[in-house]
Participant: 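Please see the structure below; I have some questions.
Predicted model, so just to flag it, every value in this text is computed and none were measured.
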Amino acid sequence: MDHDFVDVVWDHLHERIGEDLRSVVQYDAGSSAVTFRPDVREQYEQDERQQILDDAIVQQLSFSDQGSVFKTGDLKSFVRVFEDAWVLTWREPSNVKAGFLISIERDGETATMEDVEYCIQYLDEEIEPQL
């Protein structure tokens, strides 16, 4: 994984979302590149971070056929809503075990669900063509 690429994504999203952006992770089955807001990094040990990525991959694999079940097109991402954060998982179109995980503070200073939608659009339009 290219950490510089993740920093570019972080910088772009941070311009819109500000300090409510918690983390940006690019991952595949064997590696990852991560940029964390400093206070978020302190909350997680390395094995906990890996567990989160493993869970994201498992969810992607289990949801891979959901587009045909719901007849709404291909499943490209999913959002989990927690008490303190939205966690967006976006799947690379060519690799069901790879993608981005973006965490945004809920009820923070500025971020809204529109910002989550913006992240999906940004990944679809700006990042997908580069992969």
Side-chain angles (χ1 to χ4, degrees):
M1 294 279 120
D2 182 0
H3 198 274
D4 290 339
F5 186 57
V6 170
D7 285 341
V8 168
V9 174
W10 171 275
D11 290 343
H12 182 87
L13 296 178
H14 192 267
E15 281 182 33
R16 176 180 174 115
I17 300 169
E19 290 304 308
D20 288 343
L21 184 61
R22 295 167 42 91
S23 63
V24 173
V25 182
Q26 183 183 24
Y27 62 89
D28 62 25
S31 63
S32 64
V34 183
T35 301
F36 280 108
R37 196 174 69 194
D39 64 309
V40 173
R41 176 178 290 283
E42 292 172 4
Q43 295 177 20
Y44 297 96
E45 299 293 328
Q46 179 61 36
D47 60 332
E48 292 172 312
R49 287 184 242 158
Q50 187 59 50
Q51 184 179 359
I52 290 168
L53 295 179
D54 292 345
D55 178 64
I57 292 170
V58 168
Q59 283 200 328
Q60 283 180 202
L61 291 171
S62 67
F63 288 144
S64 63
D65 63 349
Q66 293 295 304
S68 62
V69 172
F70 286 99
K71 298 181 183 176
T72 56
D74 293 333
L75 177 67
K76 299 183 99 178
S77 62
F78 53 93
V79 177
R80 289 178 274 183
V81 180
F82 294 93
E83 186 175 334
D84 295 329
W86 290 295
V87 177
L88 164 67
T89 305
W90 181 85
R91 182 176 80 184
E92 282 188 23
S94 62
N95 184 349
V96 296
K97 294 183 180 181
F100 277 84
L101 189 142
I102 298 171
S103 178
I104 300 172
E105 196 82 25
R106 282 186 72 205
D107 301 323
E109 295 294 317
T110 60
T112 67
M113 186 53 95
E114 287 181 23
D115 294 308
V116 176
E117 183 65 34
Y118 175 82
C119 291
I120 296 168
Q121 181 180 353
Y122 172 73
L123 293 168
D124 286 348
E125 295 176 2
E126 301 297 328
I127 302 305
E128 182 176 336
Q130 296 181 42
L131 300 174

Participant: If we only count heavy atoms from C-beta on, is the Trp90 to Asp124 side-chain gap below 4.5 Å?
Facilitator: yes
Participant: Does the side chain of Gln51 come under 3.5 Å of the side chain of Asp47 through a donor N or O and an acceptor N or O?
Facilitator: no
Participant: For Asp107, give me all partners under salt bridge (Lys or Arg N to Asp or Glu O under 4.0 Å), at least two apart in sequence or on another chain.
Facilitator: none
Participant: For the atom pair NE2 (His14) and OG1 (Thr35), what is the distance rounded to the nearest 0.5 Å?
Facilitator: 11.0 Å
Participant: One pair to check against side chain to side chain contact (heavy atoms under 4.5 Å, CB included): Tyr118 and Leu13. What are the steps and the verdict?
Facilitator: CA-CA 9 Å; Tyr118 175 82; Leu13 296 178; 4.0 Å; yes
Participant: If you take all heavy atoms of Ala111 and Glu105, which pair is closest and at what distance?
Facilitator: CB-O, 3.9 Å
Participant: Which heavy-atom pair separates Thr112 from Trp86 by the least distance, and what is that distance?
Facilitator: C-CH2, 3.5 Å
Participant: Less than 4.5 Å apart, side chain to side chain, heavy atoms only: is that true for His12 and Glu126?
Facilitator: no
Participant: Measure the spacing between CD of Glu117 and OG of Ser77 and express it to the nearest 0.5 Å.
Facilitator: 8.0 Å
Participant: Distance check, rounded to the nearest 0.5 Å: Tyr27 atom OH versus Thr89 atom OG1?
Facilitator: 5.0 Å
Participant: When you measure from the side chain of Asp115 to the backbone N and O of Ile17, does any donor-acceptor pair fall under 3.5 Å?
Facilitator: no
Participant: Taking C-beta and beyond as the side chain, do Glu92 and Asp28 meet within less than 4.5 Å on heavy atoms?
Facilitator: no
Participant: Is it the case that more than 12 heavy atoms not belonging to Glu48 sit under 6.0 Å from its CD atom?
Facilitator: yes
Participant: So how far is it from Glu125 CD to Ile120 CD1, rounded to the nearest 0.5 Å?
Facilitator: 11.5 Å
Participant: Which of these, Val87, Val25, Leu21, sits in a side chain to side chain contact (heavy atoms under 4.5 Å, CB included) with Ile102?
Facilitator: Leu21
Participant: Can you confirm whether Phe36 sits close enough to Arg49 that some side-chain heavy atom of one is under 4.5 Å from a side-chain heavy atom of the other?
Facilitator: yes
Participant: Examine distances only and state if a side-chain atom of Asp20 and a backbone atom of Ile104 form a donor-acceptor pair shorter than 3.5 Å.
Facilitator: no
Participant: Rounded to the nearest 0.5 Å, what separates atom CD1 in Ile127 from atom CD in Gln26?
Facilitator: 8.0 Å
Participant: Any side-chain heavy atom of Arg80 sitting closer than 4.5 Å to one from Asp55?
Facilitator: yes
Participant: Let me confirm one number: the OG-CZ distance from Ser103 to Arg37, rounded to the nearest 0.5 Å.
Facilitator: 8.0 Å
Participant: Report yes or no: do Trp10 and Val8 belong to one cluster of Ile/Leu/Val/Met/Phe/Trp/Tyr joined by side chain heavy-atom distances under 4.5 Å?
Facilitator: no
Participant: Answer yes or no: is there a donor N or O on one side and an acceptor on the other, between the side chain of Gln50 and the main chain of Gln46, under 3.5 Å?
Facilitator: no
Participant: Using a cut-off of 6.0 Å, state whether more than 12 heavy atoms not belonging to Gln130 lie near its atom CD.
Facilitator: yes
Participant: What's the shortest heavy-atom distance between Val34 and His3, and which atoms?
Facilitator: O-NE2, 2.6 Å
